Each structure stands twice: as C-alpha cells, then as structure tokens.
Amino acid sequence: MANLKLQHIDKIYDGGVKAVEDFNLDVQDGELIVLVGPSGCGKSTTLRMVAGLEDISNGHLLLDGKDITRVPAKDRDMAMVFQNYALYGHMTIYENMAFSLTLRKEDPNVIHKKVLAAAEILNLTTQLNKKPGQLSGGQRQRVAMGRAIVRTPKVFLFDEPLSNLDAKLRGSTRREILLLHKRLQATMMYVTHDQTEALTLADRIVCMSMGKVQQIGTPLELYDHPANIFVATFIGLPPMNMFDVTVRADHLEGKGFKAPLDAESKKILKNYVGKEIVLGVRPENLVEGKDIAVKVTDNENLGMNTLVHGHIQDGDKTFDRVVCKLRGWCNYKSGDTAMISINRMHFFDKDTTVAITGKESK
C-alpha cells in the first residue's frame, strides 16, 4: 500500500510543446484514481511519468514521502497493465505470470504460491498450462493483471486496459477490476477515455483537457457539480445540453423559450440579472411539462427510458438542438411537439466557462 504525490508535474517535449502542465494530485493509500479525458489530453503521458517510462520535465513525484522523480522505472515498485496485454506468446500463462519473479531469481516455491494465489483471484487456475493465443481477450487481460499482482507492487497502473475488448467483455472485466481493488485494497491509477469506466470504478476522478487538470473529485461531485463547461459536457451520457440565455428577475430567457427560476437559482444568479450566461441541463433533467416546446426529430427507445432528440420550437421557428431523456417508452414521431420542463439547472459564466455557484460574491 502506498501514498503517491504528484507536485507541479510538467511534461515538455522538444520544441516547447507542453503535454502536461502543473499537474497536482495526492493519491491516498488504497485509493483508485481514474484519469479521464479525450485523446491527447495528457492522461497516458501522466501515467507513464508515474511509471518512469517518461521523464518528468518539472515537478516532483513522491512515493510514501520519498522523492522518486529520477528513480528508474524498475526501482519504483510499481506494476503496469497495458491495453495490448504485452504477453509472451511462446510462454504458458503460468510462465507469463511468473516471469518478473523469475527474473528476480525468487525462490521457485514462493513464485509457485504467488502465481497460484493470483490465478485463484482472477479465476485463471484452469488456464495456467495454456498459451495466450488459446485465451479470449478478457482472459488475456486477466493474465496481464495477474502478472502485476504477483509482484505485490506498492502501486498498480492501468493504461486503458479495456480498450481492446468488445462491449460485453469490457463490462465484465471492469467489474473484475473493481472487485480486485476491493479485495487487494491496493493503490491504483487508471487511465481511460471512457466516462462509464471512470464513473463506475473511481474513488476519485481526475478530468483532464489539453494537458491540464479541469477537476478532481468523486464521480458524484463531477456529475452533480461540474467545475466548468468542459467537465459538464464530457461527464454524462448523452452530454449535457447547453443554451445561451439571459438572466431575468424571475426567469431565464433563451432562444425560443423561457424557464422559470426557483428561489435558490435566483439567489445564485443575483449578480447576473440582465447578463448572458450559459445554461446547462442534463437530458435526464428535462421532463414532460409545460415550459418549453420541442419539435421532435427522432426517438431512441431504451426500455426504461427514451432519448427524444429535437429542437426548441417557438411558433414556426426552431432553435437550439436538445436531447431529453424521458422516463418510460415514448412514441413521439418526427415532427411531433413535446412539451418539457427543467427540474435541475447548471449555470456557467459565458466568458470564463466556469460554473456559477453563488459563492463567487461571498
């Protein structure tokens, strides 16, 4: 188990290109941290710097209080699981899992016990005499995890380990990683571009964009209280609807609609009356009601819910695109008008894109 601290970490490539800028994070003992963001945001680069596979340009990396910024990867007591498994095809599963311990010249009896223990945890006991080519993608990924487990490292690092699996295997392997974390109580850093993985696995999420940390918090914090427009639209599926609106005394005035403000929202927006802001509404916070007319373009029936796609309508005019996630099975057809209301709003400053919380003026 281990505490890991990243202090003002930068990664600067030749030509002054900053892949990661001023990254700060304190990973607690036994915590599962998920780094999430779009391709090219710097999340994998950050993980590789932690692993020692990339040099740190500026800043410090501390493991249990010891500065390991310049310590070689092999001496960092970390184990990394890659997206492409990185297994040796000519070796058996047993030999793959034992490989790092064999290189260390550990006692064969100790190696045997560790491999069997890891195989039992991962339900691989009956596969130990097979070669990687005889296993499914999910099984091979479990072998890669087993190879990390036998090393009993202080920190486990996962670099998009599920990206090569089909949807069904991703779901089952994701649950296995979650159960593995609960069983081992190990410190883990996990990189993904898939927000579902982030929301279901993480103790805390680090959301990144363009090399910078946008927000750090629990999955619920990022979902319920996004720090800015980027986090609001990246976390959540379908993405949050965004509308340019003007704040009035008791309502918001958008293109083709007016939305009433409750007492708490009026308080939050008291310094924005007469100004333009960005209104964010999650699709599930648009419910059947009476305040806004939506001209339907198409329906996606999902069983318990229906995604209704359309445009805000005012008379013969249509405006911003909108997605509603309505409860139950809805039978709207293209051209129908759906009347909706908003049961929860998020507010963002139009210039800074930062969330308006009402605390700014205190």
Side-chain angles (χ1 to χ4, degrees), residues 36 38 167-168 170-171 193-200 205 207 219-248 250-262 264-265 268-269 276-348 350 353 355-356:
V36 69
K168 185 176 180 181
R170 277 201 302 273
H193 63 273
D194 186 330
Q195 56 163 293
T196 301
E197 289 177 35
L199 290 170
T200 54
I205 294 173
C207 188
L220 186 59
E221 285 171 344
L222 268 69
Y223 191 82
D224 268 356
H225 304 287
N228 55 40
I229 288 177
F230 174 81
V231 177
T233 52
F234 190 82
I235 299 294
L237 195 67
M240 185 182 286
N241 297 287
M242 292 290 173
F243 310 105
D244 290 338
V245 297
T246 301
V247 180
R248 303 303 182 192
D250 61 355
H251 68 275
L252 298 176
E253 190 173 302
K255 295 175 182 177
F257 74 96
K258 293 180 180 180
L261 291 170
D262 60 22
E264 181 62 25
S265 296
I268 291 171
L269 295 174
E276 284 194 356
I277 64 167
V278 177
L279 166 66
V281 186
R282 294 207 179 277
E284 56 268 36
N285 294 135
L286 289 168
V287 298
E288 291 182 296
K290 60 180 182 179
D291 300 311
I292 304 172
V294 174
K295 186 173 183 179
V296 176
T297 55
D298 59 281
N299 254 9
E300 290 183 82
N301 287 305
L302 305 176
M304 291 182 65
N305 302 290
T306 301
L307 296 182
V308 179
H309 300 259
H311 294 83
I312 292 176
Q313 184 177 24
D314 184 15
D316 295 332
K317 296 180 180 179
T318 56
F319 297 94
D320 291 333
R321 187 174 178 274
V322 62
V323 180
C324 315
K325 189 175 184 179
L326 303 182
R327 297 190 66 176
W329 190 280
C330 300
N331 291 312
Y332 290 110
K333 297 180 179 62
S334 178
D336 286 352
T337 297
M339 296 302 299
I340 61 173
S341 294
I342 302 171
N343 66 14
R344 184 170 183 194
M345 301 177 176
H346 298 264
F347 311 117
F348 302 93
K350 193 169 182 179
T353 77
I356 301 168

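Keep in mind that what you see is a predicted model, and the values were worked out from it rather than measured. In what follows, residues are counted from 1 in the order of the sequence shown.
With a 4.5 Å cut-off on side-chain heavy atoms, Arg344 and Asp224 count as touching. Taking the side chain as every heavy atom from C-beta outward, Ile312 and Thr318 never approach each other to under 4.5 Å. The side-chain heavy atoms of Met345 and Leu261, taken from C-beta on, include a pair separated by under 4.5 Å. Between Leu222 and Phe234, every side-chain heavy-atom pair lies at or beyond the 4.5 Å cut-off. Taking the side chain as every heavy atom from C-beta outward, Lys317 and Lys255 never approach each other to under 4.5 Å.
Within the model, atoms CG of Asp194 and CZ of Arg170 stand 6.5 Å from one another, a figure rounded to the nearest 0.5 Å. Note: Cys324 SG to Asn305 CG = 12.0 Å, rounded to the nearest 0.5 Å. Once rounded to the nearest 0.5 Å, the distance linking OG1 of Thr337 with CD of Gln313 reads 4.0 Å. Taken to the nearest 0.5 Å, the CG atom of Asn241 stands 11.0 Å off from the NE2 atom of His346. Note that CZ of Phe347 is 6.5 Å distant from CG of Leu279, once rounded to the nearest 0.5 Å. To the nearest 0.5 Å, the span separating CG on Asp250 from OG on Ser265 amounts to 12.0 Å.
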Would Leu199 and Ile205 satisfy side-chain contact (heavy atoms from CB on, under 4.5 Å), going step by step from the backbone distance to the final call?
-> CA-CA 8 Å; Leu199 290 170; Ile205 294 173; 4.0 Å; yes
Leu269 and Leu252: side-chain contact (heavy atoms from CB on, under 4.5 Å), yes or no, with the steps?
-> CA-CA 10 Å; Leu269 295 174; Leu252 298 176; 4.0 Å; yes
Report the C-alpha separation of Tyr332 and Val294 in whole Å, then their side-chain angles, then the decisive distance to 0.1 Å, and conclude whether the side-chain contact (heavy atoms from CB on, under 4.5 Å) test is met.
-> CA-CA 11 Å; Tyr332 290 110; Val294 174; over 6 Å; no
Can Thr353 and Phe230 be said to form a side-chain contact (heavy atoms from CB on, under 4.5 Å), step by step?
-> CA-CA 8 Å; Thr353 77; Phe230 174 81; over 6 Å; no
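Of all heavy-atom pairs between Ala355 and Phe348, the closest is CA-CD2, 3.6 Å. Residues Met242 and Thr233 come closest through the heavy atom pair CE-CG2, 3.6 Å. Scanning all heavy atoms of the two residues, the minimum distance from Met240 to Pro226 falls at CE-CG, 4.3 Å. Considering every non-hydrogen atom in both Thr246 and Glu276, the closest pair reads OG1-CG, 3.7 Å. When all heavy atoms of Val296 and Ala338 are compared, the pair lying nearest together is CG2-CB, 4.1 Å.
The main-chain N or O of His309 is found under 3.5 Å from a side-chain atom of Thr297 such that the two form a donor-acceptor pair. Side-chain atoms of Gln195 come within 3.5 Å of backbone atoms of Gly236 as a donor-acceptor pair (strictly under, hydrogens ignored).
Under the side chain to side chain donor-acceptor pair (under 3.5 Å) criterion, Arg327 pairs with no residue at all, not counting sequence neighbours. Applying the side chain to side chain donor-acceptor pair (under 3.5 Å) test to Asn301 and every residue at least two apart in sequence or in another chain returns Thr306. In this structure Asp291 satisfies the side chain to side chain donor-acceptor pair (under 3.5 Å) test together with Ser341, sequence neighbours excluded. Legend: residues meeting salt bridge (Lys or Arg N to Asp or Glu O under 4.0 Å) with Asp336, ordered by chain and number and at least two apart, are absent. By the side chain to side chain contact (heavy atoms under 4.5 Å, CB included) test, Asp244 is found to be paired with Val278, Lys350, residues two or more places apart in sequence or in another chain being considered. With sequence neighbours excluded, no residue forms a side chain to side chain donor-acceptor pair (under 3.5 Å) with Ser334.
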